Amino acid sequence: AVGDATEIGKVAKKSTEQTSVETPLHMQLDKLAKMISKVGSVVSVAAFFIFLIHDILTNPAWGGKDYFYMAEIVLKYFMMAVTLIVVAVPEGLPMSVTLSLALNMRRMLKTNNLVRKMHACETMGATTVICTDKTGTLTQNQMRIYETQFAALGKSQQLADNNESKLIAEAIAVNSTAFLDRGADRPTVVGNPTEGALLLWLNDQHTDYKPLRDNAAVTEQLPFSTMRKFMATVVDSGVCPGKRIAYVKGAPEIVIDKCRNFPDGVTKEQLREALLGYQQKAMRTLGFAYQEVGDGKAVEGDSLNADNLTFMGIVAISDPVRADVPAAVKESIDAGIKIKIVTGDTPGTAKEIGRQIGLWNDNTDNDSNIITGPDFAALDNNDAAEAARRIKIMSRARPTDKSRLVGLLQQQGEVVAVTGDGTNDAPALNAAQVGLSMGDGTSVAKEASDITIMDNSFASITRAVMWGRSLYQNIQRFILFQLTVNLVACTIVLIGAFTGQQSPLTVTQMLWVNLIMDAFAALALASLPPNDAVMPNKPRRLNDFIINRTMKWFIIGVSAVFVVVLFGFMQYLKANQVDSLDGFNLSDFFASFLNFSNAEMNAYDVTLFFTFFVMLQFWNLFNAKSFESDYSGFSRLRDSKVFFLTAAIIIVGQVLIVTFGGEMLNVVPLGWKDWLRLIIASSAVVWIGELVHLVLRLKHKKA
């Protein structure tokens, strides 16, 4: 009960509850659903009453009070109206979204992103701010010796077979609590990373620390503490038999002040200047000293009695920036995403890391772009909100500072992703729209997160953004395709209603179109691979409608062309009552636009119209595939196997339904010549689309 009442317990409990997450995609799909439901309802109601009124005015059976006939007619048009609503609503959209999210979860795992909550796949694509920690994400989380300044080693900085080198090696080996695990391909540190870096340096010098440690008997030890800022170990030396030596290691300024003896040519001023240079490069420094002691106590309580220490030297230790991070940070910034480093390190260290990864620019950035956690906490909400918007780096940050930063950014309409690996990061991870835990992080951090970055690298976060944006684009492509199908179908029915003609598409045919164009198109477009071309785009705003300006004009323009062509084809079929397309010519086709015939099409004509309608939409599927991209609808065969397989299934399904559908779908089998003519004629859709893409690609290259 006590554990559940703690802050960590609350976060863990909240993260495991099934809650409704209001993501940017959810909000946009809600707006789309409301729009489609209103338009679909208006169209279906209008069609119902127009057809019914037309039938009442033109059919004398209504005057005979044949109630069974009246009920039959009302039911017929009511079924048509319901079918129109079914056609207008893209039922495949939820499936497309779910399929896209599920496929992305599996694919993202291959790029070291373990998605724990499905919605995070897409939300990463809407991210506008990434609050990242430093250690392990931007850096390698592996402390290594950058440079040593042991005067006894000279300029070579290499251990040699002499007493001075042996003393340095023993000082590092015995005055330490870390170990090296040699079980893997290369030694790994067990214990303090800083002390481990020293042991790794010894290993690089072809010196094994273990014999040195085993041959030196520890007689006294003063552990490291943040108050003392140094540690000391007294040993009966193995490299200087018969001598008892006290080795001291710690903060260089503390060690230097305790020393009385310095190597020739080494002054305190020189050492402090060197230390300042290392610290400005975001490096950790350690100082070393030793003293021969007698049989008396060198350590008493919490103090060191040795007062004649000889300074040995200093080392600079760095946690190198990951090689791929600068490029990943640049890609994120170019994509319109703001990066903020939130770390517990000193301002100097944080700023240097920011400089190394390309986030901090000394020429354009100033003190207003960096703040410490305590200073941020002291600001009121208005000033803190302004600081949150402006800063690039927060140093000496505490967990509460990180959570407050996330909340203030969200209040400003930002979509925030947060990285963290510690237990204290859980509140911020839980508060962010996307929490990103590290693969080697704590269980609490992982439970509070939405995605776990398996390799801890910032580059994997950038990949997740690319996946999210590509997923959103695939959903847009499905909406673009499906709304074109729906708009054409509804418009054709409405034109028939207003011109006093029967709908050329039967209820069962519209349901078949709805099935293959919803379900199969959803599968085809949801399976499309990610595209790096989405990264230069700016993040979409939370209030953006999912149907953007380009999509709107594509849907309207293509639908208008399809409606005109289909209406003309319908009029041609009514006027000529054909049983094949052998005698088809364009002059008769264009002349048919002026002939508003009320004649009913025969079964063969209905089948031709139905198939031509499906083939137009089929070829438009390839235009949707390449929408807002620089590649052809027929390209990327290896990555789009599911798409092309699904397209083949649509063609085969249409052939089978026409051949064997019979009276159920009011169709008759078509001859192979008519199939060929319909496929070739309708393919103009995709060739025009490919021509448009070619022009856009050439224009893009010139730009």
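Keep in mind that what you see is a predicted model, and the values were worked out from it rather than measured. All residue numbers refer to positions in the sequence shown, counting from 1.
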Please output the side-chain donor-acceptor pairs of residues 559-567 that fall under 3.5 Å, not counting sequence neighbours, one pair per line with the distance.
residue, atom, partner, partner atom, Å
Ser559, OG, Ile555, O, 2.6

Taking side chain to side chain contact (heavy atoms under 4.5 Å, CB included) as the test, write out the residues that go with Leu511, two or more places apart.
Thr83, Val86, Val507

Of all residues at least two apart in sequence or in a different chain, which pass the ring-ring contact (aromatic ring centres under 6.0 Å, His included) check with Phe458?
none

Is there side-chain contact between Val614 and Phe609, with heavy atoms separated by less than 4.5 Å?
no

Can you name the salt bridge (Lys or Arg N to Asp or Glu O under 4.0 Å) partners of Arg677, sequence neighbours left out?
Asp582, Asp674

List in chain and number order the residues that pass side-chain hydrogen bond (donor to acceptor under 3.5 Å, both in side chains) with Gln410, two or more places apart in sequence or in another chain; answer none if no residue qualifies.
Gln433

Throw together a table of side-chain donor-acceptor distances under 3.5 angstrom for residues 31-43, partners on residues two or more places apart or in other chains.
residue, atom, partner, partner atom, Å
Lys31, NZ, Asn543, O, 3.4
Ser37, OG, Ala33, O, 3.1
Ser37, OG, Lys34, O, 2.8
Ser41, OG, Ser37, O, 2.7

The complete set of side-chain hydrogen bond (donor to acceptor under 3.5 Å, both in side chains) pairs with one or both residues in residues 522-534, sequence neighbours excluded, reads Arg463-Asp532

Distance only, no hydrogens: is a donor on one side chain within 3.5 Å (strictly under) of an acceptor on the other, for Thr128 and Glu414?
yes

Val45: partners by side chain to side chain contact (heavy atoms under 4.5 Å, CB included), with sequence neighbours left out
Phe49

Output all residues satisfying side-chain hydrogen bond (donor to acceptor under 3.5 Å, both in side chains) with Asp450, sequence neighbours left out; order by chain, then residue number.
none

Of all residues at least two apart in sequence or in a different chain, which pass the side-chain hydrogen bond (donor to acceptor under 3.5 Å, both in side chains) check with Asp455?
Asn112, Ser460

Sub-3.5 Å donor-acceptor pair from the side chain of Asn474 to the main-chain atoms of Leu528, do we have one?
yes

For residues 639-663, which residue pairs pass the ring-ring contact (aromatic ring centres under 6.0 Å, His included) check, not counting sequence neighbours?
Phe622-Phe643

Residues which pass side chain to side chain contact (heavy atoms under 4.5 Å, CB included) with Gln28, listed by chain and number, not counting sequence neighbours
Tyr472, Arg540, Asp544, Ile546

